[in-house]
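Written out below as C-alpha cells is the structure these notes cover.
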Amino acid sequence: MASRYIIVNYHYIRPERIRGFHPCTEEHFREQIAHLRERYTIIPLQELYEHARDHAEGRFCAFTFDDGLREHYEFVLPVFLRYGITGSFFPIGMTLEEKRVSHTHKLHVLLSKMETADIARLFHDFFEDSYRISDTKRINPRRRFDDILTSNLKETLIRLAPQKRNAFIDDVFKKTGGNEKILAEKLFMTSDEVRRLYEEGMTIGFHGYCHVPFDVMDAEEQRQDLVHAIQTIVSITGESPDTFSYPNGRYNEDALLLLRAHQVKIAVILGAKDVSGSLDPLLLPRYDTNDVFSL
C-alpha cells in the first residue's frame with residue numbers, strides 16, 4: 001500500500017558528492033521536491049502527525065533538516081519560498097552561540113580528507129588497541145549508507161565515553177590543521193539566518209546544544225543540554241521550541257520524560273517508516289533523502 005504520512009529528513013545538500021559528508025546533491029534535491037510535490041501534500045510536521053492521528057484522507061509529507069547547516073539557508077529556503085512550502089529546521093545550539101563544531105561534524109571533515117582505514121589506524125594507536133574496529137561485521141544495521149568500516153568507526157566513537165571520543169577526534173582534527181571557528185562559520189547558519197527562516201514561516205526546532213546522543217548522557221546532563229538548547233532558540237525567535245530532533249536519532253526513557261516536562265510536542269528519530277497516529281509523538285520515524293524514490 002502506498003505511503004500516506006511520511007517525514008523526509010535532510011542533512012548536507014551540496015552541488016556535488018563529497019566523501020565523508022554523503023550529501024544529497026542540489027540537483028537530486030530539486031528532483032526529490034518535484035517528485036514528492038506531485039504525490040503528496042506538503043505540510044508542517046505537527047500537522048502531519050495530527051493528520052496521521054485523525055486518519056485524514058490523502059497523502060501527506062513533511063520535511064525536516066538537521067544540524068542547522070548553511071545550505072539550508074542558502075539553498076533550501078529559496079526553493080521552499082518559490083514553491084510556497086515549509087519545513088522544520090533543527091539547529092545545534094553551540095554552533096549558534098559559540099561557533100563550536102560538534103565532534104560528529106569534525107569527523108565528517110576528517111573522513112572527507114582521509115581514508116577511513118587511516119583514521120582507524122590512528123584510533124587503534126591512540127587507544128593502544130584497547131578497542132578494535134571491525135571491517136567485516138556491521139555493529140549497527142541502521143547505519144545503512146556507509147561501508148562497514150566507516151559505519152563501525154562512527155558507531156564505536158558514539159559508544160565511547162564522551163571524554164575519550166572527544167580527545168581522539170580533537171587530536172586528529174588539530175593534527176590535520178583543523179580550525180574550529182573557521183569551520184563553524186563555513187558549515188553552519190548564523191543566528192540571523194535562523195531568524196530569517198523563522199520569519200519566513202519555517203518551524204525552528206532544536207537538536208540539542210552539543211549534539212551529543214542523549215542515550216550516552218545521564219539525566220542531569222540531558223537536562224542541562226536541553227535547557228541550554230531551548231534558551232538558544234528562544235533568544236533567536238522569542239518562542240520556546242516545541243519540536244525536537246534527537247542527535248544521531250538516539251534516545252532513552254530519561255530523554256522522553258525530559259521532553260514531556262518541557263512541553264515538547266513532537267520529536268523525530270530515524271527509522272525509515274511511515275508515521276502512524278498510534279505512535280508516540282515524541283518518537284516519529286523519518287525517511288532519509290536516499291529513500292525518497294523508493295517511496
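Screening residues 158-185 for ring-ring contact (aromatic ring centres under 6.0 Å, His included) gives Phe123-Phe168, Phe126-Phe168 as the qualifying pairs, with residues at least two apart or on separate chains.
Nearest heavy atoms, Val275 versus Pro285: CG2-O, 3.9 Å. Annotation for Leu160 and Arg165: closest pair O-NH1, 3.4 Å, computed over non-hydrogen atoms. In terms of heavy-atom proximity, Phe206 sits nearest to Pro241 at CD2-CG, 3.5 Å. Closest of all the heavy-atom pairs between Ala229 and Gly208 is CB-C, 3.5 Å. Considering all non-hydrogen atoms of both residues, Asp118 and Met114 come closest at CB-CE, 4.2 Å. For the residue pair Ile42 and Thr86, the shortest heavy atom distance occurs at CG2-O, 4.2 Å.
A salt bridge is absent between Arg196 and Glu199; no separation between the charged side-chain nitrogens and carboxylate oxygens falls under 4.0 Å. Using a cut-off of 4.0 Å between Lys/Arg side-chain N and Asp/Glu carboxylate O, Arg260 and Asp280 are scored as salt-bridged. The pair Arg70-Glu185 fails the salt-bridge criterion, with no side-chain N (NZ, NE, NH1 or NH2) lying under 4.0 Å from an Asp/Glu carboxylate O. With salt bridges taken as basic N to acidic carboxylate O contacts below 4.0 Å, none links Arg121 and Asp125. Between Arg59 and Glu38 there is no salt bridge, since no side-chain N of the basic residue sits under 4.0 Å from a carboxylate O of the acidic one.
Between the side chain of Glu221 and the backbone N or O of Asp218, at least one donor-acceptor pair lies under 3.5 Å. No donor-acceptor pair under 3.5 Å is formed between the side chain of Asp54 and the backbone N or O of Ala56. Looking only at distances, no side-chain donor or acceptor of Tyr12 sits under 3.5 Å from a matching main-chain atom of Leu69. Formation of a donor-acceptor pair under 3.5 Å by the Arg100 side chain with backbone atoms of Ala184 is not found in this model. Asp135 places no side-chain N or O within donor-acceptor distance of the main-chain N or O of Leu149, the cut-off being under 3.5 Å. When atom types are taken as modelled, the side chain of His124 and the backbone of Ile133 share a donor-acceptor pair closer than 3.5 angstrom. Judged purely by atom type and a 3.5 angstrom limit, Glu71 has no side-chain atom pairing as donor or acceptor with the backbone of Arg14. A donor-acceptor contact shorter than 3.5 Å is absent between the side chain of His211 and the backbone of Pro91. Put simply, the side chain of Thr156 never gets that close to the backbone of Leu153: no donor and acceptor are under 3.5 Å apart. The main-chain N or O of Ile269 is found under 3.5 Å from a side-chain atom of Arg286 such that the two form a donor-acceptor pair.
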Query - Full working for side chain to side chain contact (heavy atoms under 4.5 Å, CB included) between His28 and Arg17 - result: CA-CA 11 Å; His28 284 166; Arg17 294 280 183 184; 4.1 Å; yes
Query raised in the report: Under the side chain to side chain contact (heavy atoms under 4.5 Å, CB included) criterion, do Ile204 and Ile236 qualify, and how do the steps go?
Result: CA-CA 10 Å; Ile204 305 300; Ile236 295 170; over 6 Å; no
Query - Thr176 and Val109: CA distance, side-chain angles, deciding distance, side chain to side chain contact (heavy atoms under 4.5 Å, CB included) verdict - result: CA-CA 10 Å; Thr176 56; Val109 171; over 6 Å; no
Report task. Apply side-chain hydrogen bond (donor to acceptor under 3.5 Å, both in side chains) to Tyr49 and Lys265, showing your working. Result -> CA-CA 10 Å; Tyr49 172 71; Lys265 296 178 181 177; over 6 Å; no
Requested in this report: Please lay out, stage by stage, how His22 and Asp146 fare under the test side-chain hydrogen bond (donor to acceptor under 3.5 Å, both in side chains).
Outcome: CA-CA 9 Å; His22 296 299; Asp146 286 311; 2.6 Å; yes
Requested in this report: Evaluate side chain to side chain contact (heavy atoms under 4.5 Å, CB included) for Val101 paired with Phe188, printing each intermediate quantity in order.
Outcome: CA-CA 9 Å; Val101 179; Phe188 300 106; 4.1 Å; yes
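Distance check: Arg195 CZ to Ile233 CD1 gives 10.5 Å after rounding to the nearest 0.5 Å. The structure places OH of Tyr251 at 10.5 Å from CG of Leu282, a figure rounded to the nearest 0.5 Å. Here the CD1-OH distance, from Ile6 to Tyr287, works out to 7.0 Å after rounding to the nearest 0.5 Å. Between the CG atom of Asn166 and the CG atom of Leu157 there is a distance of 9.5 Å, given to the nearest 0.5 Å.
The side-chain heavy atoms of Arg144 and Asn290, taken from C-beta on, include no pair separated by under 4.5 Å. Side-chain contact between Tyr246 and Leu270 is absent, with no heavy-atom pair separated by less than 4.5 Å. A heavy-atom distance below 4.5 Å is not found between the side chains of His103 and Leu107. Between Gln222 and Asn252 there is a side-chain heavy-atom pair separated by less than 4.5 Å. Proximity of Thr289 to Phe63: side-chain heavy atoms (C-beta onward) are nowhere separated by under 4.5 Å. Put simply, the side chain of Asp274 does not reach to within 4.5 Å of the side chain of Arg4, judged on heavy atoms. With a 4.5 Å cut-off on side-chain heavy atoms, Ser276 and Tyr5 do not count as touching. Within the 4.5 Å cutoff, no side-chain heavy atoms of Val76 are placed close to those of Met202.
Side-chain contact of Glu97 with Tyr209: a donor-acceptor pair under 3.5 Å is present, judged by distance alone. Using modelled atom types, one finds a donor on one side chain and an acceptor on the other under 3.5 Å when comparing Glu155 with Asn140.
Under a hydrophobic clustering in which Ile, Leu, Val, Met, Phe, Trp and Tyr are joined whenever their side-chain heavy atoms come within less than 4.5 Å, directly or via other members, Ile182 and Ile92 fall into different clusters. Side-chain heavy atoms closer than 4.5 Å link hydrophobic residues (I, L, V, M, F, W, Y) into clusters, and following such links, even through other members, never connects Ile266 to Leu258. Leu279 and Leu283 fall into different hydrophobic clusters, where Ile, Leu, Val, Met, Phe, Trp and Tyr side chains are chained together by heavy-atom contacts under 4.5 Å. At a threshold of 4.5 Å between side-chain heavy atoms, the hydrophobic network of Ile, Leu, Val, Met, Phe, Trp and Tyr places Leu111 and Ile148 in two separate groups. Follow the hydrophobic side-chain contacts under 4.5 Å out from Ile230 and you reach Val194 in the same cluster.
Here the rule is side-chain contact (heavy atoms from CB on, under 4.5 Å) with Cys61, and of Ile7, Ile85, Val8, Ile43 only Val8 fits it. Results of the side chain to side chain donor-acceptor pair (under 3.5 Å) test with Ser245 over Asp66, Asn9, Thr64 single out Asp66 as the only residue that passes. Checked options Tyr10, Phe65, Phe75; the residue passing with Phe80 is Phe65 (criterion: ring pair (Phe, Tyr, Trp, His ring centres under 6.0 Å)). Paired with Asp67 under the rule side-chain contact (heavy atoms from CB on, under 4.5 Å), one option of His108, His105, Met189 passes, and it is His105.
With a 6.0 Å radius and a threshold of 12 heavy atoms from other residues, nucleotides or ligands, Lys174 has its NZ atom at or below the threshold. Within a 6.0 Å radius of CD in Glu128, other residues, nucleotides and ligands contribute 12 heavy atoms or fewer.
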